[in-house]
> 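One structure follows; several queries about it will come next.
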Protein chains: 2
Amino acid sequence: MRDIASQRSLDHTLIALADPTRRAILQRLSEGEARVTELAQPFAMSLNAVSKHIRILERARLVRRRRAGREHRLSFNQGPLDAAAAWIEARRALWTARLDALDALLCAEDCAASTAPDKVSTGQTKKKGRSR
Amino acid sequence: MRDIASQRSLDHTLIALADPTRRAILQRLSEGEARVTELAQPFAMSLNAVSKHIRILERARLVRRRRAGREHRLSFNQGPLDAAAAWIEARRALWTARLDALDALLCAEDCAASTAPDKVSTGQTKKKGRSR
DNA sequence: CCTACATTCAACCTTTAGGTTGAATTATGC
DNA sequence: GCATAATTCAACCTAAAGGTTGAATGTAGG
């Protein structure tokens, strides 16, 4: 039942990352705090548009806001990236495992049927040329 | 000028990942090939809806299609995940580097100003309790 | 051949994303 | 106090996402 919440927050994180403007903002913030106007400056769009992007980054908790008088200091928050990276890594691991199993199978066949063994006995079960 | 293309493909990858249905489909496919109907079966939505999700996964090149008679065999393609993981890792690295630099600064101050040195001289410049 | 299956295409609906402009809010600094 | 700066709020637009249903396509198999 905790799954459904982390599902949603993963959604929010990935949605937030899936836009070049927002990725640029995050890039900037990963180098240090900034105000809204500063963040908006490099972009050929209204301040309002950037403000909305920031809200989406906040929804994903990738960005935090600290009100300091009339200006808002935005800062990067790494946490959600970890979850996203973990998800991606898990699929990669699964897939790699599967390909390795396949390699093993193919190699077993090869080893059994092969009539021209060229450096065959070196125990090479590792992932090698498989397309990917 | 190659950047703009890889930007777009990163967009497509992250957009594709930013939906729970599509992540579930990818999860399934990372365990092995499947047909459209098989993929659709676990979901409480029309076959058509799933078909559309698959098209988005194909646009991101996360899924490949092999027509075999009247049925289409879908398979997982890991490549785009690598790019996404790389982007995420780069921001994490930047951020971590920055926090470490900050820690170093703070520690330098602490070391200079501290009047109640409790195990101070142990050369602890490492990242420790910083929030994250 | 003809039916039944696997899949997409086409048209439609509703919600959200991404952007605009203009007005409201709130703090600063003379 | 008052102009001005830093933000957001509100209303609107257009396009895309995510879903539906119904018809079209193409292949399989008795």
Side-chain angles (χ1 to χ4, degrees), chain A residues 4 7-29 32-75 80 84, chain B residues 4 7-29 32-75 80 84:
Chain A
I4 198 161
Q7 185 89 311
R8 278 186 71 84
S9 86
L10 188 50
D11 283 1
H12 286 158
T13 303
L14 290 167
I15 288 170
L17 294 181
D19 178 276
T21 302
R22 288 192 293 265
R23 284 197 303 274
I25 290 176
L26 273 192
Q27 163 78 42
R28 168 67 186 75
L29 284 179
E33 272 196 353
R35 291 174 305 134
V36 177
T37 323
E38 285 167 10
L39 287 178
Q41 194 239 314
F43 299 106
M45 71 180 68
S46 73
L47 187 62
N48 252 336
V50 173
S51 182
K52 281 189 179 185
H53 281 302
I54 293 172
R55 230 183 323 136
I56 290 176
L57 289 166
E58 280 186 287
R59 182 182 64 181
R61 287 191 287 284
L62 282 162
V63 159
R64 283 202 291 240
R65 181 188 305 254
R66 203 184 85 225
R67 244 147 291 226
R70 68 177 159 180
E71 57 193 38
H72 299 195
R73 295 304 237 302
L74 287 322
S75 61
Chain B
I4 197 165
Q7 184 89 311
R8 278 186 69 85
S9 87
L10 188 51
D11 283 2
H12 285 157
T13 303
L14 291 166
I15 288 170
L17 293 180
D19 178 277
T21 302
R22 288 193 291 264
R23 285 199 302 274
I25 290 175
L26 272 191
Q27 163 77 42
R28 168 64 185 77
L29 284 179
E33 274 196 350
R35 291 174 304 134
V36 177
T37 323
E38 285 166 13
L39 288 178
Q41 193 239 313
F43 300 106
M45 71 181 68
S46 73
L47 187 62
N48 253 336
V50 173
S51 183
K52 281 187 178 187
H53 281 302
I54 293 172
R55 228 179 328 135
I56 289 176
L57 289 166
E58 281 186 287
R59 181 181 66 179
R61 287 192 288 283
L62 282 163
V63 159
R64 283 203 292 241
R65 182 187 303 254
R66 203 184 86 223
R67 243 147 289 227
R70 68 179 159 179
E71 58 192 38
H72 299 195
R73 294 302 237 302
L74 287 321
S75 61

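All values reported here derive from a predicted model rather than from experimental measurement. Sequence lines set the chain letters: A, B, ... in the order given, protein chains first and strands last, and positions in each chain run from 1.
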> Reckon B:R67 has a side-chain N or O less than 4.0 Å from the OP1 or OP2 of C:dT8?
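No, because none of the side-chain N or O atoms of B:R67 sits under 4.0 Å from OP1 or OP2 of C:dT8.
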> Take atom CZ of A:F43 and atom P of C:dG18, then tell me their distance rounded to the nearest Å.
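One finds 13 Å between P of C:dG18 and CZ of A:F43, rounded.
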> Kindly point out which of C:dT21, C:dA6, D:dT8 is positioned nearest to the side chain of B:T37?
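So the nucleotide nearest the side chain must be C:dA6.
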> Calculate, to the nearest 0.5 Å, the distance between atoms CG and CG belonging to B:L17 and B:L62 respectively.
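Those atoms lie 5.5 Å apart.
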> Tell me whether A:R65 is salt-bridged to A:E58, with the criterion being a basic N under 4.0 Å from an acidic carboxylate O.
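Looking at A:R65 and A:E58, the cut-off is met.
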> Taking CG from A:D19 and P from D:dA16, how many angstroms apart are they, rounded to a whole number?
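For the pair A:D19 CG and D:dA16 P, the rounded distance is 14 Å.
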> B:V36 versus B:E71: any side-chain heavy-atom pair under 4.5 Å?
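No, too far: nothing below the 4.5 Å cut-off.
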> Between A:A49 and B:E38, just flag the one whose closest nucleotide in DNA chain C comes earlier from the 5' side.
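In this pair, the answer is B:E38.
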> Check the distance between C:dT25's P and A:H72's NE2 and give it to me in whole angstrom.
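In whole Å, C:dT25 P lies 15 Å from A:H72 NE2.
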> Taking atom CD1 of A:I54 and atom OG1 of A:T21, what is their separation to the nearest 0.5 Å?
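It is 11.0 Å, given to the nearest 0.5 Å.
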> Begin from the C-alpha positions of B:H53 and B:R22 and carry the test side chain to side chain donor-acceptor pair (under 3.5 Å) through to its verdict.
CA-CA 6 Å; B:H53 281 302; B:R22 288 193 291 264; 3.1 Å; yes
> From CG of B:D11 over to C1' of D:dA16, roughly how many Å is that when rounded to an integer?
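My rounded result for the distance is 14 Å.
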> In whole Å, I'd like the distance from the CG atom of A:L74 to the C1' atom of D:dT7.
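In whole Å, D:dT7 C1' and A:L74 CG are 11 Å from each other.
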> Picking from D:dG19, C:dA6, C:dT8, which would you name as closest to the side chain of B:S51?
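Nearest listed nucleotide: C:dT8.
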> Nearest-Å distance, CD (B:Q41) to C1' (C:dT7)?
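Whole-Å distance recorded here is 17 Å.
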> Could you work out which one of C:dT20, D:dA17, D:dT7 sits closest to the side chain of A:N48?
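Closest nucleotide to the A:N48 side chain: C:dT20.
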> Figure out the CZ/P separation between B:R55 and D:dG18, and round it to whole Å.
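Atom-to-atom, B:R55 to D:dG18, this comes out as 12 Å.
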> Of all the choices, D:dT7, C:dT7, C:dT20, which nucleotide is nearest to the side chain of B:V36 once you look at every atom?
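Within the option list, the nearest is C:dT7.
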> Base, sugar-phosphate, or nothing for B:R22, non-hydrogen atoms under 4.0 angstrom?
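If one applies the 4.0 Å heavy-atom cut-off, B:R22 turns out to touch the sugar-phosphate alone, with no base involved.
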> Given atom CZ of B:R70 and atom C1' of C:dC2, what is their separation to the nearest angstrom?
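Taking CZ of B:R70 and C1' of C:dC2, I get 14 Å after rounding.
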> Looking across every strand, which nucleic acid part, if any, lies under 4.0 Å from B:L47 by heavy atom: base, sugar-phosphate, or nothing?
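Touches a base.
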> Could you tell me whether the phosphate oxygens of C:dG19, OP1 or OP2, come under 4.0 Å of any side-chain nitrogen or oxygen in A:S46?
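For C:dG19, OP1/OP2 do not have a side-chain N/O of A:S46 under 4.0 Å.
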> Which nucleotide in the list C:dT8, C:dG19, D:dT7 gets nearest to the side chain of B:R65?
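Output: C:dT8.
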> Within the structure, does a side-chain N or O atom of A:H53 lie under 4.0 Å from either OP1 or OP2 of C:dG19?
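A:H53 to C:dG19 OP1/OP2: side-chain N or O found under 4.0 Å.
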